[in-house]
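Contents: one structure, followed by commentary.
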Amino acid sequence: MTSGDGPRQGDGAAPAAVRFSLDGRELDAAPGETILQAARRAGVAIPHLCYRDGLRAEGNCRACMVEIAGERGLAPACCRTPQPGLQVRAASERARTAQRLVLELLVAETAGSAQAVDSELTRWCAALGVGAARFAPRAQPAADASHPAITVDLGACIQCTRCVRACREVQVNDVIGYAGRGAQARIVFDLGDALGASSCVGCGECVQACPTGALAPAGAAAQAVATRAVDSVCPYCGVGCQLRYHVADGRIVRVEGRDGPANHGRLCVKGRFGFDYVRHPERLTVPLVRRPGVPKGLDGFDPAAAQRVFREADWDEALALAAGGLAAIRDVHGGRALAGFGSAKGSNEEAYLFQKLVRTGFGSNNVDHCTRLCHASSVAALLEGIGSGAVSNPVADVAETEVIVVIGANPTVNHPVAASFMKQAVRAGKTLILMDPRRTELARHARYVLQFRPDTDVAMLNALLHAIIDEGLVDARFVAERTEDFERLRANVAGCSPEAMAPVCGIPAATLREVARVYAGARAAMIFWGMGVSQHVHGTDNARCLIALALASGQIGRPGTGLHPLRGQNNVQGASDAGLIPMVFPDYQRVDDPAARARFEALWGVPLDPQPGLTVVEIMHAILRGEIRGMYILGENPAMSDPNLHHARAALAALEHLVVQDLFLTETAAFADVVLPASACAEKTGTFTNTDRRVQLGRQAIDPPGQARQDLWIIQQMARRLGLAWDYAGPAAVYAELRRAMPSIAGIAWERLEREHAVTYPCASEADPGRAVLFGERFPTASGRARFVPARLLPAAERPDADYPWVLLTGRQLEHWHTGSMTRRARVLDALEPVPVVTLHPVDLAALGLAAGARVRLTSRRGELVAQARPDPGLRRGEVFMAFCYVEAAVNLLTIDALDPYAKIPEFKYCAVRVDAA
C-alpha cells in the first residue's frame with residue numbers, strides 16, 4: 001500500500017449521521033455538526049454574525065436563536081448540536097422575533113458609524129426586514145487610520161470576537177484582544193495601542209472575518225463596489241494560497257482568501273494588500289528600444305529617466321530587433337553564445353515554452369532561473385539521496401506529526417500562511433524545534449531553539465546524527481530495508497560527537513543529545529528548511545545531513561514525516577519541474593542522457609544539444625570571458641538578485657545584445673537593448689505549482705495595460721522570429737504538450753483543474769487522486785533505496801578578519817519580496833517598510849554610539865552601502881542582517897559569488913563586512 005493511501009490506524013466505520021427536523025423538514029447532521037452548519041449545508045438561512053467557518057463557535061451575538069420543541073428557552077444554532085429526533089424551528093414567530101430584535105439592537109449599537117454598506121450585518125437586516133432601530137445610538141469612538149492597510153472603526157464593532165479568534169487561533173499572531181467589562185468592554189490591539197503602533201503584521205485575517213466593516217481595508221479603492229469576482233492564486237511565495245480578486249472598472253479593488261488546500265482562506269499582508277503594483281504609474285505599457293550611443297548601466301538611471309535611455313517602438317519593430325539580434329549572434333557564434341533566464345513568477349506554460357525556445361531556438365541548454373539562487377543545493381542533494389527533488393510531504397502534514405523541525409528558514413516572514421499552520425500545530429501540542437543563527441519570531445512558539453553560530457550547520461547536524469547512532473536511536477529496520485551506504489555515514493560522523501561539536505556550533509552537547517532523542521524518538525517528525533540551509537558553499541552538504549537525519553530515524557514515507565524545502569517564489573517548483581534548469585529537461589530528465597534526449601527530440605522535432613548548460617553565476621562569468629554574447633531575460637532581475645553585483649552588472653553591460661521582458665524598467669532593464677512589456681499574474685491564465693507539489697489554476701482577472709502583452713504571446717512571437725513555427729492557441733494548448741513532456745502530471749488535465757482547482761502530483765491518470773505523501777514503499781532511484789551521503793565540515797568561502805570583522809546574513813522582509821520590483825510598487829507594502837534597514841544586536845548598536853534609526857555603512861571587499869539601523873536582539877553580537885529588496889542599498893553589492901561545488905549556488909548567507917557609522 002502506498003503511503004498516504006487507504007485507512008489510517010484507528011479508522012473504523014464512519015459514525016452515523018443524526019436525523020432531526022428543521023421547520024418541518026427532515027435533515028441529516030454529520031457527527032459533531034451544529035444546527036447552523038447542517039442548515040447551511042441544506043440551503044436553509046439562519047441569521048448569524050459571530051459564527052464563521054473555520055473559527056471556533058462562540059455563540060455571543062445571539063442572532064441565530066432558534067426554538068426547540070420541549071424547551072422553554074431559545075438556543076443558539078451555532079453552538080447547539082442536534083440529537084436524533086430533535087425538532088427545531090428557526091422561522092417560527094418566536095424565533096424570528098428574537099432574531100430581528102438582536103439585529104435591531106446591533107444596528108442601534110453601530111448607528112452613525114461608517115460600517116460597510118454591504119456588510120453581513122446589513123445583509124441580514126435586509127433579509128429579515130429590519131430597518132432603522134427604535135433605540136438610541138451610543139456615542140461612537142473615533143476611527144483609527146494609523147495603519148496603512150487596515151482602517152479601524154470600533155463604532156461599527158458588535159463585539160462578536162471574530163477578529164480575536166481569527167488573529168489568535170487562525171493566524172496565531174496574538175495581536176487582537178478583548179478588554180474591559182460591561183459597557184467598557186472593547187476590542188484592543190496589544191495593550192490598547194493604535195493599530196499602526198501595535199505588533200500587527202497586516203495579514204488582514206481580521207478584515208476578512210469582520211461582519212460589519214469595523215475592520216476594513218484602507219484606501220479609497222477598497223471602498224469601490226466590485227462588479228466581478230475572479231478566483232485565482234497568489235503571485236508571491238511558494239505556499240500557493242488561493243484567493244479571489246474583486247474587480248471594478250478593470251481594476252482590482254480588494255483581495256480575499258479562498259478555501260484552498262494550502263491556505264484555507266488565509267492570506268498574508270502581501271497576498272491581501274500587495275496587488276496594486278499592477279497599475280503602478282511606472283508599469284511598462286509599450287515596447288522600448290535603447291537609443292543609439294546611450295551607455296548601459298544603472299548610474300543616473302531610474303524609470304522616470306527612461307525617455308533619455310529608450311525610445312518607444314511598435315511591437316513589430318521591437319520584436320524584430322529583439323529576436324534579430326539574438327539570431328545574428330547564434331548564426332555567427334553558435335547557440336552556446338546565447339543564454340536565457342526564465343522566471344519563477346510566471347506560469348508553468350511560460351516556463352516550459354521559454355526553456356523550449358532556448359533549447360530549440362538558440363540551440364543550447366544555457367537556461368536557468370532563480371532556483372539556482374535559492375534551492376539548487378536542496379534539489380541536488382535530494383536527487384542524489386532519494387531520487388526526487390520535490391517535497392515529500394505537504395505543509396498541512398504538521399497536523400499529523402509530533403515534532404516539527406524548522407532550520408534555516410523564517411516562515412513567519414517568508415511563508416506566513418505556512419507558519420500559521422505550524423503555530424496552530426504547536427498550540428495543539430506538537431513540539432517545535434527551531435534551528436537558526438537568528439532568533440526569529442517563531443522562537444516564541446518553539447520548545448527548543450538552537451541558535452547555532454553561522455556557517456556551522458554541518459557541525460551541528462553531524463552531531464545530531466552522531467547522537468542518534470551513539471544512543472541506539474536509529475530505525476534499524478528502515479535503514480536495512482530502505483537505504484544504502486549507512487556505514488559510510490557512521491564512519492563520517494564518528495568524530496562529530498555533540499561534545500566535540502558543541503564548541504564549534506555554540507549549542508550545548510546536552511541540548512544536542514536531547515533534540516536528537518526527541519526527533520528520532522517521535523512517532524512522526526517533519527523537517528522544513530529554507531535558504532539559510534541552501535545558500536552556502538556547503539549548502540548541498542547541509543541538505544545531505546537533513547536527508548540523513550530523516551533516513552536514519554525512519555522519518556520519511558509516512559504522513560507527518562518527511563523533508564520539505566520551503567519554496568521561495570510562487571512557481572519556483574513548477575518552473576523547475578518544467579525544465580527551466582540547464583542540466584535537465586522537464587521532469588528532471590538529464591540532457592546528457594541519450595534516451596531522454598531522444599524523447600524530447602521526437603516531441604520537439606529538432607536535434608538538441610547533449611551538453612548541460614551554464615548556471616546563473618556561470619553565465620555571468622562566461623559573458624566576461626566573451627563566451628556568452630546575447631541574453632533573453634524574462635521576469636528575472638539579476639542586476640539585483642545575483643551575488644557580487646558589481647561583477648553581475650559588469651557582465652550585463654558587456655553583452656552585445658540583451659532582451660528584457662518584464663512589468664517594469666527593472667535594474668536589469670537598465671542594461672537592455674530591447675524591453676518588452678509583459679503581463680502580471682493577475683493578467684494571465686495558467687497553471688502554477690506550489691511548494692506542496694499542488695498544480696493550481698490561476699485565472700486572468702484584468703487586462704494588461706496599454707500595449708503590454710501576454711507573456712505566452714511574446715515568447716511565441718520571439719520563437720517565430722528565431723525560426724520556430726509555433727502556433728499554440730493559448731495556455732491550455734501549451735499545457736497539453738507539457739503533460740506529454742512530464743509523466744508526473746499526465747493525469748492532471750486542464751479540465752480537471754477547472755473542476756478541482758488543485759491536484760497534487762505525481763498523478764499518472766485521470767482516476768489518480770494524486771499523492772500528497774511520497775516514498776511509502778520505495779524511492780525513485782535505480783535500486784529503490786535511498787542513499788546516505790556523508791557531509792564534511794567545509795568552512796565558508798570568506799571568514800571575518802581584522803579588516804572585516806562582522807558576519808553579514810541576508811534574507812527577506814515580511815512586507816517585501818525578492819528584489820522588490822513588485823512590492824515596492826504596492827502602496828500598502830511600501831508604506832509599511834519604505835526605507836532600507838540593516839539590523840544588528842542592540843549592544844552592538846550602542847557600542848557604535850548609534851541609536852535606532854541612525855545611518856550605518858556596511859562595507860565588504862566587493863562594495864558598500866548605507867542603510868538605517870534597527871536593533872534586533874535575535875542576532876548574535878558581531879552579526880548584521882539585511883534584506884535584498886532595496887535598490888538604493890542593494891545588499892548583494894556586498895555578497896560573495898563563491899559557489900557550492902555541487903549545485904553551483906552562491907553563498908548569499910555568509911560573508912565578512914565592516915560596520916561603521918555613516
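The shortest distance between side-chain heavy atoms of T687 and L753 falls below 4.5 Å. Contact annotation: the side chain of N173 approaches that of K423 to within less than 4.5 Å [non-hydrogen atoms, C-beta and beyond]. Looking only at side-chain heavy atoms (C-beta outward), D190 and V175 come within less than 4.5 Å of each other. Residues V66 and R80 have side chains not in contact (no heavy-atom distance under 4.5 Å, counting atoms from C-beta outward). Side-chain atoms of M422 and F528, non-hydrogen and from C-beta on, do get closer than 4.5 Å to each other. Using a 4.5 Å heavy-atom cutoff, the side chains of C50 and H48 are not in contact. Side-chain atoms of P47 and L128, non-hydrogen and from C-beta on, do get closer than 4.5 Å to each other. Side-chain atoms of Q242 and N263, non-hydrogen and from C-beta on, do get closer than 4.5 Å to each other.
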Any chance you could lay out the side chain to side chain contact (heavy atoms under 4.5 Å, CB included) test for V18 and D28, step after step, and finish with the verdict?
CA-CA 5 Å; V18 177; D28 286 327; over 6 Å; no
With salt bridge (charged side-chain N to carboxylate O under 4.0 Å, His left out) as the test, would you mind laying out the steps for E205 and R272 before giving the verdict?
CA-CA 9 Å; E205 193 73 28; R272 194 180 304 279; 3.8 Å; yes
Show your reasoning for whether side chain to side chain contact (heavy atoms under 4.5 Å, CB included) applies to D692 and H564.
CA-CA 8 Å; D692 291 333; H564 192 124; 3.1 Å; yes
Step by step, work out the side chain to side chain contact (heavy atoms under 4.5 Å, CB included) result for V403 and I433.
CA-CA 7 Å; V403 173; I433 301 170; 3.7 Å; yes
Given side chain to side chain contact (heavy atoms under 4.5 Å, CB included), test K430 with M526 step by step and report yes or no.
CA-CA 11 Å; K430 319 295 184 182; M526 296 182 72; over 6 Å; no
Between R40 and Q37, does a side chain to side chain donor-acceptor pair (under 3.5 Å) hold up when you go through it step by step?
CA-CA 5 Å; R40 293 179 71 207; Q37 290 170 325; over 6 Å; no
Go through the steps to decide whether R752 and E756 satisfy the test salt bridge (charged side-chain N to carboxylate O under 4.0 Å, His left out), and finish with yes or no.
CA-CA 6 Å; R752 182 175 179 183; E756 300 181 27; 3.0 Å; yes
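How far CD of E169 is from OG of S420: 13.0 Å, rounded to the nearest 0.5 Å. Atom OH of Y236 sits about 12.0 Å away from atom CG of L267, to the nearest 0.5 Å. Taking SG from C61 and CG from L106, the interatomic distance works out to 7.0 Å, rounded to the nearest 0.5 Å. Once rounded to the nearest 0.5 Å, the distance linking CD of Q99 with CD1 of I46 reads 7.5 Å.
In this view, Y519 satisfies the ring-ring contact (aromatic ring centres under 6.0 Å, His included) rule with no residue, not counting sequence neighbours.
A donor atom on one side chain and an acceptor atom on the other are not found under 3.5 Å apart for Q184 and R181. Using a 3.5 Å distance cut-off with no hydrogens or angles, the side chains of T689 and N348 do pair a donor with an acceptor.
Minimum heavy-atom separation, H246 to A226: CB-CB, 3.7 Å. The heavy-atom pair separating A701 from Y245 by the smallest distance is CB-CD1, 3.7 Å. In this structure, P416 and N414 approach most closely via the heavy-atom pair CD-C, 3.5 Å. Here the closest non-hydrogen pair linking R168 and G177 is NH2-CA, 3.7 Å.
No option in L195, L215, L154, T151 other than L195 meets the side chain to side chain contact (heavy atoms under 4.5 Å, CB included) test with D144.
Under the 6.0 Å distance and 45° angle rule, R266 counts as a cation-pi partner of F421.
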